[in-house]
J.: 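Can you keep this structure in mind? I'll have questions shortly.
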There are 2 protein chains.
Amino acid sequence: MKKRNTHPDKPDNTADKILKAARAVFAQNGYSGTHMDEIARRAGVNKATLYYQIGDKDTLYANVIHQVLGNIAQGIAETVAQAEKPEDKLQAYINCLVAAVDKNPEMPSIMMREVAADGAHLPQVVAHDIASVLSVLINVLDDGRKKGVFTDTTPFLVHSMIMGTILFYKKVSPIKDRQAFIPASLIARDRKLKGDLAVEVGKLVLKAIDKERSS
Amino acid sequence: MKKRNTHPDKPDNTADKILKAARAVFAQNGYSGTHMDEIARRAGVNKATLYYQIGDKDTLYANVIHQVLGNIAQGIAETVAQAEKPEDKLQAYINCLVAAVDKNPEMPSIMMREVAADGAHLPQVVAHDIASVLSVLINVLDDGRKKGVFTDTTPFLVHSMIMGTILFYKKVSPIKDRQAFIPASLIARDRKLKGDLAVEVGKLVLKAIDKERSS
DNA sequence: TTAAACTATTTAACTATTCGGTTAAACTGT
DNA sequence: ACAGTTTAACCGAATAGTTAAATAGTTTAA
């Protein structure tokens, strides 16, 4: 009997090896910049095996996207629901997003490219997942506003602020550390994040939409 | 005598037509997803003319990037310097960025892809421009902190917040309006931006880093 | 003024290569 | 013998880049 994959994080079957390689290459080079031959090479399999196991480029990309972006929605909804106060719900929401990005280092690149392309390659399933995440945020903001703890906000703007901040920071801050093109004088003046990214972002966002001292 | 280009915004010369078309196509499809034939077609010229006028794909892309991202730096530095108080400087900074994006609708897509690709295609000139913009922000934050009006922030996080918010909102909000994949129930619950994007972002960011009632 | 000579620009047609996808044969375990 | 899986070799379309000839515009010279 063939050795079965008991530990999903340590893929020993061919399809998982391919998906893992594909995730890395798609994140690095985007859809058009990714070549099937390179994925096969990085996965250590023949290209025909790739087609046998998964299918064509579109299908492979859809799998990667789903693996990276899907399955976040449910976790967020559950975790947010466990918190009581709107502030705690919002912090929980941000925690989940940061945790998802930490678990999936390819997420920022893939999401940014997908946004840049107007979601041209997004499968329906994933689009639904994203919408679901968004609706959780809208509910939290709405709830907080009704309870008088949040100001009257533009939900899409707050969403852009949370996502934009997390994704940008995750992508830009390593570039800076690699000193790729930022002059040393700038790095010297930079401060390290004091705590967890989720906590820092939570502080900023909560303060920004706090009702107490609204202008 | 050949009709000369007196009004730079109404390009009548071949190179400008090509650059304009290239800007649109690169923004829409990214570097690898863009084909020289399509640019030539959209510019209404023969592909060989494109090569004669500008050069190969890398050169063309570098030109587009420079046109879109370059030349922002100087304007920002000047405008920010004219403001007195750190709060006004920061608002001016944000105003400039939003104005730049408004003037250059292709900027969000191109910047996002460039960030996603770790700036792989960025010419040195443009990298320098970006660093210069960043240093303006760092100085403003530093100044505000010393004067006791801003909290002690992580500059790169604030930068990510400003850029991320603007770029994401600019890209995501039209997607939503086109109803591409966001369900109608979400759109219904959304609020329109009350005022200018720059003003709204300015309010949020200033409140987020305001010293008065820091936790 | 005119026509020849010359230069800059544009074009259709072509080439070489890359790349997504296929095929038929070989290999593996049951 | 047989089903599941992998592979080397191959195919055709797409695509970055080239070439040589045609065209348009400018200068020169009588």
Side-chain angles (χ1 to χ4, degrees), chain A residues 1-6 8 10-66 110 113 117 120-123, chain B residues 1-6 8 10-65 110 113 117 120-121 123:
Chain A
M1 180 187 175
K2 187 186 171 184
K3 197 172 122 191
R4 275 279 146 229
N5 189 6
T6 50
K10 287 177 186 170
D12 53 353
N13 72 62
T14 311
D16 283 345
K17 279 195 310 192
I18 294 170
L19 282 171
K20 192 178 174 186
R23 216 167 56 205
V25 181
F26 276 124
Q28 193 172 75
N29 303 117
Y31 181 84
S32 314
T34 292
H35 308 308
M36 300 298 268
D37 290 274
E38 188 182 351
I39 294 175
R41 190 175 51 73
R42 298 251 297 242
V45 301
N46 188 280
K47 189 168 57 160
T49 301
L50 192 162
Y51 278 86
Y52 174 81
Q53 291 281 353
I54 296 188
D56 64 9
K57 196 178 178 181
D58 279 337
T59 308
L60 178 56
Y61 186 69
N63 272 282
V64 167
I65 281 276
H66 182 63
I110 289 180
R113 281 192 222 266
H121 300 289
L122 276 189
Chain B
M1 181 186 175
K2 188 186 173 185
K3 202 171 118 191
R4 272 281 146 228
N5 189 7
T6 50
K10 287 177 188 170
D12 54 355
N13 72 62
T14 312
D16 283 345
K17 279 196 311 194
I18 294 171
L19 282 172
K20 192 178 175 185
R23 216 166 57 206
V25 180
F26 275 124
Q28 194 172 76
N29 304 116
Y31 181 84
S32 314
T34 292
H35 308 309
M36 300 299 268
D37 290 274
E38 189 183 349
I39 294 175
R41 192 176 50 73
R42 299 250 298 241
V45 301
N46 187 280
K47 190 168 55 159
T49 299
L50 192 163
Y51 278 88
Y52 174 80
Q53 290 282 350
I54 295 187
D56 64 11
K57 197 178 178 182
D58 278 336
T59 308
L60 178 55
Y61 186 70
N63 273 281
V64 167
I65 281 275
I110 289 180
R113 281 191 222 267
H121 299 289

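Chain A is the first sequence line, chain B the second, and so forth, proteins listed ahead of strands; every chain is numbered from 1. These values consider heavy atoms only, across backbone and side chains, with no hydrogens, waters or symmetry-generated copies. Small disclaimer: the values here were computed from a predicted structure and weren't measured.
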J.: Could you go through Val45(B) and Gln53(B), starting from their C-alpha distance and side-chain angles, then the distance that decides it, and tell me whether this counts as side chain to side chain contact (heavy atoms under 4.5 Å, CB included)?
T.: CA-CA 11 Å; Val45(B) 301; Gln53(B) 290 282 350; over 6 Å; no

J.: dG20(C) P sits how many Å from Tyr61(A) OH, rounded?
T.: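 Whole-Å distance recorded here is 14 Å.
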
J.: At less than 4.0 Å, is any side-chain N or O atom of Gln53(B) found next to OP1 or OP2 of dA8(C)? Yes or no.
T.: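 Answer no for this pair, as no side-chain N or O of Gln53(B) is under 4.0 Å from OP1 or OP2.
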
J.: Over how many whole Å does the gap from Asn13(B) atom CG to dA8(C) atom C1' extend?
T.: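 So the CG-C1' distance, Asn13(B) to dA8(C), works out to 14 Å.
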
J.: Using atom CG of Leu50(B) as one end and atom P of dT18(D) as the other, report the distance to the nearest whole Å.
T.: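 Distance check: Leu50(B) CG to dT18(D) P gives 12 Å.
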
J.: Assuming nearest nucleotide by heavy-atom distance, tell me which of Asp56(A) and Val45(B) is located more 5' along DNA chain C.
T.: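 In this pair, the answer is Val45(B).
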
J.: Check the distance between dG20(C)'s P and Lys47(A)'s NZ and give it to me in whole angstrom.
T.: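 Nearest whole value for this atom pair: 7 Å.
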
J.: Under 4.0 Å between any heavy atoms, over every strand shown, what does Ser32(A) touch: base, sugar-phosphate, or nothing? Just pick one.
T.: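 No contact at all - Ser32(A) keeps every heavy atom at 4.0 Å or more from the nucleic acid.
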
J.: Between atom CG in Leu60(B) and atom C1' in dT15(D), what is the gap in whole Å?
T.: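 The distance from CG of Leu60(B) to C1' of dT15(D) comes to 15 Å, rounded to the nearest Å.
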
J.: Give a yes or no answer on whether the side chain of Ser32(A) reaches the backbone of Ser32(B) with a donor-acceptor pair at less than 3.5 Å.
T.: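 Flag not set: sc Ser32(A) to bb Ser32(B) has no pair under 3.5 Å.
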
J.: With distance as the sole test, does Arg41(A) use its side chain to make a donor-acceptor pair with the main-chain N or O of Lys47(A) at under 3.5 Å?
T.: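 Looks like no, no N/O pair under 3.5 Å.
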
J.: Does dA30(D) have a Watson-Crick or wobble partner in any strand here, with both distances under 3.5 angstrom, and which is it?
T.: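 Looking at the geometry, dA30(D) pairs with dT1(C).
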
J.: Nearest-Å distance, CD1 (Ile18(B)) to P (dA16(D))?
T.: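 Value for this atom pair: 15 Å.
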
J.: Does a side-chain N or O of Thr49(B) approach OP1 or OP2 of dT9(C) to a distance below 4.0 Å, or not?
T.: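 Answer no for this pair, as no side-chain N or O of Thr49(B) is under 4.0 Å from OP1 or OP2.
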
J.: Arg42(B) pairs by side-chain contact (heavy atoms from CB on, under 4.5 Å) with which of Ile18(B), Asp37(B), Val25(B)?
T.: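 Exactly one pass, corresponding to Val25(B).
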
J.: So Asn46(B), base contact, sugar-phosphate only, or nothing? Heavy-atom distance under 4.0 Å.
T.: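 Base contact.
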
J.: Figure out the CZ/P separation between Arg41(A) and dT7(D), and round it to whole Å.
T.: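 Spelled out: CZ on Arg41(A) to P on dT7(D) is 15 Å.
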
J.: May I ask you to evaluate whether His35(A) reaches the phosphate of dT18(C), defined as a side-chain N or O under 4.0 Å from OP1 or OP2?
T.: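 For dT18(C), OP1/OP2 do not have a side-chain N/O of His35(A) under 4.0 Å.
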
J.: Kindly say if Tyr52(B) contacts the phosphate of dT10(C), meaning a side-chain N or O under 4.0 Å from OP1 or OP2.
T.: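 The answer is no; no side-chain N or O of Tyr52(B) sits under 4.0 Å from OP1 or OP2.
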
J.: How close or far is atom P of dT15(D) from atom CD1 of Ile39(B), stated in whole angstroms?
T.: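 Spelled out: CD1 on Ile39(B) to P on dT15(D) is 12 Å.
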
J.: Ring-plane angle category for Tyr31(B) and Phe26(B), please: parallel below 30°, perpendicular beyond 60°, tilted otherwise.
T.: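 Ring orientation of Tyr31(B) relative to Phe26(B): parallel.
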
J.: Think Thr14(A) has a side-chain N or O under 4.0 angstrom from the OP1 or OP2 of dT5(D)?
T.: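 So the side chain of Thr14(A) is outside the cut-off, no N or O lying under 4.0 Å from OP1 or OP2 of dT5(D).
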
